[in-house]
Each structure stands twice: as structure tokens, then as C-alpha cells.
Amino acid sequence: MENFKNIIATCLVIWLSILSFGCKQTEEKKDHKTPMQDNRIKVGILVYPGVELLDFSGPAEVFSNSKYFQVYTISVNPGKVSTKNNTLSMNPDFTISNAPEPDILVLPGGKLEAIGLVSGNRKVMDWITKVNVHTKLTMSVCTGAAILSKAGLLNGKTATTHSGAIDTLQKLTPKARFISNVRFVEDGKILTSAGISAGIDGALHVVEKLKGLKEALFVTSIMEYDKWKPEDGKVIGVTQGMDISKMKQDHTADANADERMAKTTDTEEKDVVCGMTVTMGRSKYFSTYKGKDYHFCSASCKNLFDKNSALYASEN
């Protein structure tokens, strides 16, 4: 009998230990935050119940495929957030109460009822207005322009949105001028994109603006996105508060460092598209342009070079 009691007691201790370990794991996951890296451009994406899936995931995919950007999601309140039609449930990295100050703020769209819960929340609108003061760029996707409108950030601006919402938003924002048949509009530090997938084009424009055409093309190659045409967007004004010269200097410094690393032996050269070191004679991907051979790490880089040879060969 005594042995039986000891066995039961031992089982209880083990069981409680397992429960305790599980609770600690849950707490650790709950407290987990995406670590910030100071040397990258921070992109904060606001997500909320009913947000359109591609509105936020499109720009997130673009920025996350460039080494110069760091993406994180921000919600209004703690806890899971479900997209429109409950297609996806996610755990945002931060809330508006503890999110790091973003360099680029992205406001995705959704159904107008869902957006109304955001634009009607004074706490959220105050946060957006406050954050916008310090951003280098504030960007909306699709009907996310309605959030910018409510915040008064479109007054005096030219903007765009989903084709089905242009008339509505024009009435709601008489001090703005909404235009159609463009993928995105950049006016000062405000960038608005057309419907849903156009957020990808708007984000690629931002990558091109800050880190150059080569970096934007490299991202399209990784994504296998061949729909991007920079000329399909419209740039109205010069972006204020954005230190383009410094960012270009940083980009040049990074490129020079990559080039120095690439020149390790006489038989190696740099892939002019992605910057990786390739061994001449071993790479099966190469092209000849104006009498010079260029070697590549992959078919994707070779295809990009073949389509934009003059661009990539100009610095070599």
C-alpha cells in the first residue's frame, strides 16, 4: 500500500513538472518579439481583423526578399488576427503600444466595414498620425487609402486605390485627387497603390527608390514576378524627409564590400546580378555581352542579365 502511494506521488510530481514546462513554453512564445537590426530599413505593417491577405503579404514578400529591409507586423491589440474570410490567422509581432518606430509604415486594405473599425478607433488614428511624422515613407495598399484619408494624410495629395473604391474615397476626401489606371502613386512621402496585387508594385517601387533598380529586379527574380512595370506608377512630388543621398552611400558601401570579398582568387568573379562569388569555368550559367563573358550563380540571375544587360554591365 505504501509503495502504491509513493508511485502515485511520483506520478503527480512528473505530471505537474510537465504542465509547468508547457506553461513556460507558452509564456516564452507569447513574449517572443522579432529582434530588430539597426542597419536595416524597418517596415511596419499594420494588420487588423478582416485585412485583405495579399494587401499585407504582397509588400511583406517584396521587402523581406531584400537584405536591406526588415519586416514586422503590428496589431491594435494583443492576440491573433484573422484576415478577410478567416483565410489566415496570425500572431502579429507587436501592437501599436510596443512596436518599434518604423521607417516605412504600410497600411493594407480590406472591406470598408473592417477598415471602419480601424479608422473609427481614435487610439489607432492617433498612433498613425504620430508615426507618420517620423516615417521616411507611409504607404497604403488598396482600400487602405481610406485609413490615410481618415487621418487627414491625403489632403492636398494625388492618390489611388482599388478601382471600385475610387468614387467613394473621392467623396470622403474632397481635398485629395484620386486617379485611376495607375498601379501606384507617390506624392511626397505618401505612396498609395491600386487594388490588392498593386501593393507588390508599390513595394517594388520603394525598393527601387531606396536601393536601386538592380535590387528591385533581383527581388522580382526571387519572387518570379514578371508583371512589374515601373512606368505603370506615377510619381507626383519629391519625397520629403528621406535622406536618399545617405541611403545611396550606404548601398554603394555594401556593394563595394561585396566586390572586395568576391575577388578572392584569379579564377573567381562576382555575379553582377546578385553579388555572389562564382568560379569561372565551373558555372554553367554565363552570357556574353559586347565581347565580355559574365558568369552567374543561377538561371534566374542569367535571365535578369540577359533582359537588362546594359544595366548590369554598366559598372563593370
Side-chain angles (χ1 to χ4, degrees), residues 37 39-41 43 57-71 103-104 137 183-184 186 197-233 235 239 242-316:
Q37 299 185 22
N39 61 336
R40 290 202 281 174
I41 299 170
V43 181
S57 63
E61 183 72 15
V62 170
F63 290 123
S64 65
N65 273 304
S66 171
K67 64 182 179 181
Y68 300 106
F69 297 84
Q70 179 166 20
V71 181
D103 299 307
I104 299 172
L137 190 81
R183 293 294 279 174
F184 63 86
E186 178 192 353
S197 64
I200 296 174
D201 300 66
L204 285 168
H205 170 72
V206 175
V207 174
E208 178 193 10
K209 183 181 184 68
L210 300 185
K211 292 302 176 183
L213 179 58
K214 289 182 180 179
E215 182 67 12
L217 288 172
F218 182 65
V219 172
T220 65
S221 174
I222 294 174
M223 295 175 59
E224 294 198 344
Y225 182 72
D226 59 358
K227 309 296 183 185
W228 184 50
K229 296 179 180 179
E231 63 273 15
D232 286 348
V235 178
T239 305
M242 188 179 293
D243 192 348
I244 298 297
S245 61
K246 182 179 184 303
M247 290 188 172
K248 285 185 176 180
Q249 289 174 3
D250 293 341
H251 178 49
T252 301
D254 291 337
N256 291 338
D258 290 342
E259 185 174 3
R260 287 194 297 272
M261 291 178 62
K263 295 179 178 179
T264 55
T265 71
D266 292 337
T267 58
E268 294 180 342
E269 71 172 44
K270 183 181 72 172
D271 182 328
V272 295
V273 174
C274 70
M276 288 185 62
T277 299
V278 293
T279 302
M280 297 171 59
R282 294 185 182 180
S283 173
K284 63 180 180 179
Y285 306 107
F286 68 93
S287 295
T288 301
Y289 178 71
K290 291 187 174 180
K292 181 178 178 180
D293 290 337
Y294 295 85
H295 295 80
F296 310 97
C297 68
S298 66
S300 295
C301 287
K302 181 185 184 305
N303 291 337
L304 267 183
F305 179 86
D306 291 343
K307 293 178 181 178
N308 306 275
S309 299
L311 173 67
Y312 288 107
S314 62
E315 297 180 4
N316 293 272

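In this structure, the separation between CG on N303 and NZ on K307 is 6.0 Å, given to the nearest 0.5 Å. Distance check: N308 CG to L213 CG gives 6.5 Å after rounding to the nearest 0.5 Å.
When each of D232, V235, V62, I200 is tested with H205 by the rule side chain to side chain contact (heavy atoms under 4.5 Å, CB included), just one qualifies, namely V235.
Between D103 and F69 the shortest side-chain heavy-atom distance does not fall below 4.5 Å. Side-chain contact between L210 and Y68 is absent, with no heavy atoms from C-beta onward closer than 4.5 Å. When side chains are defined from C-beta on, Q70 does not count as touching V43, because their heavy atoms never get closer than 4.5 Å. Inter-residue side-chain proximity for L217 and L311 is flagged as met; some heavy-atom pair is nearer than 4.5 Å. Contact of the K227 side chain with the S197 side chain is not registered, since no non-hydrogen atoms from C-beta on lie closer than 4.5 Å. Side-chain atoms of V278 and Y285, non-hydrogen and from C-beta on, never get closer than 4.5 Å to each other. Taking the side chain as every heavy atom from C-beta outward, F305 and Y289 approach each other to under 4.5 Å.
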Might you work through the salt bridge (Lys or Arg N to Asp or Glu O under 4.0 Å) test for E208 and K214, ending with a clear yes or no?
CA-CA 8 Å; E208 178 193 10; K214 289 182 180 179; over 6 Å; no

For a side-chain contact (heavy atoms from CB on, under 4.5 Å) check, start with the C-alpha distance between N65 and M223, then their side-chain angles and the critical distance, and finish with the verdict.
CA-CA 8 Å; N65 273 304; M223 295 175 59; 3.8 Å; yes

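Within 6.0 Å of the CD atom in E231, the count of heavy atoms belonging to other residues, nucleotides or ligands exceeds 12.
Taking the ring centre of F296 as origin, the terminal cationic atom of K302 falls outside the region bounded by 6.0 Å and 45° from the ring axis.
Residues that satisfy the side chain to side chain donor-acceptor pair (under 3.5 Å) test with D226, not counting sequence neighbours, are absent from this structure.
The shortest heavy-atom contact between S221 and L304 is CB-CD1, 3.4 Å. When all heavy atoms are compared, the tightest approach of G199 to P59 is O-CG, 3.8 Å. The two residues D201 and Y225 come nearest to each other via the heavy atoms OD1-OH, 2.8 Å. Nearest approach of C297 to M276, heavy atoms of both residues: SG-SD, 3.9 Å.
A distance-only check finds a donor-acceptor pair linking the side chain of E269 to the backbone of H295 [under 3.5 Å]. Checking side-chain atoms of S66 against main-chain N and O of F63 turns up no donor-acceptor pair under 3.5 Å.
Side-chain contact, D306 with Y294: no donor N or O sits under 3.5 Å from an acceptor N or O.
A salt bridge does not link K67 to E215: none of the charged nitrogens lies less than 4.0 Å from a carboxylate oxygen.
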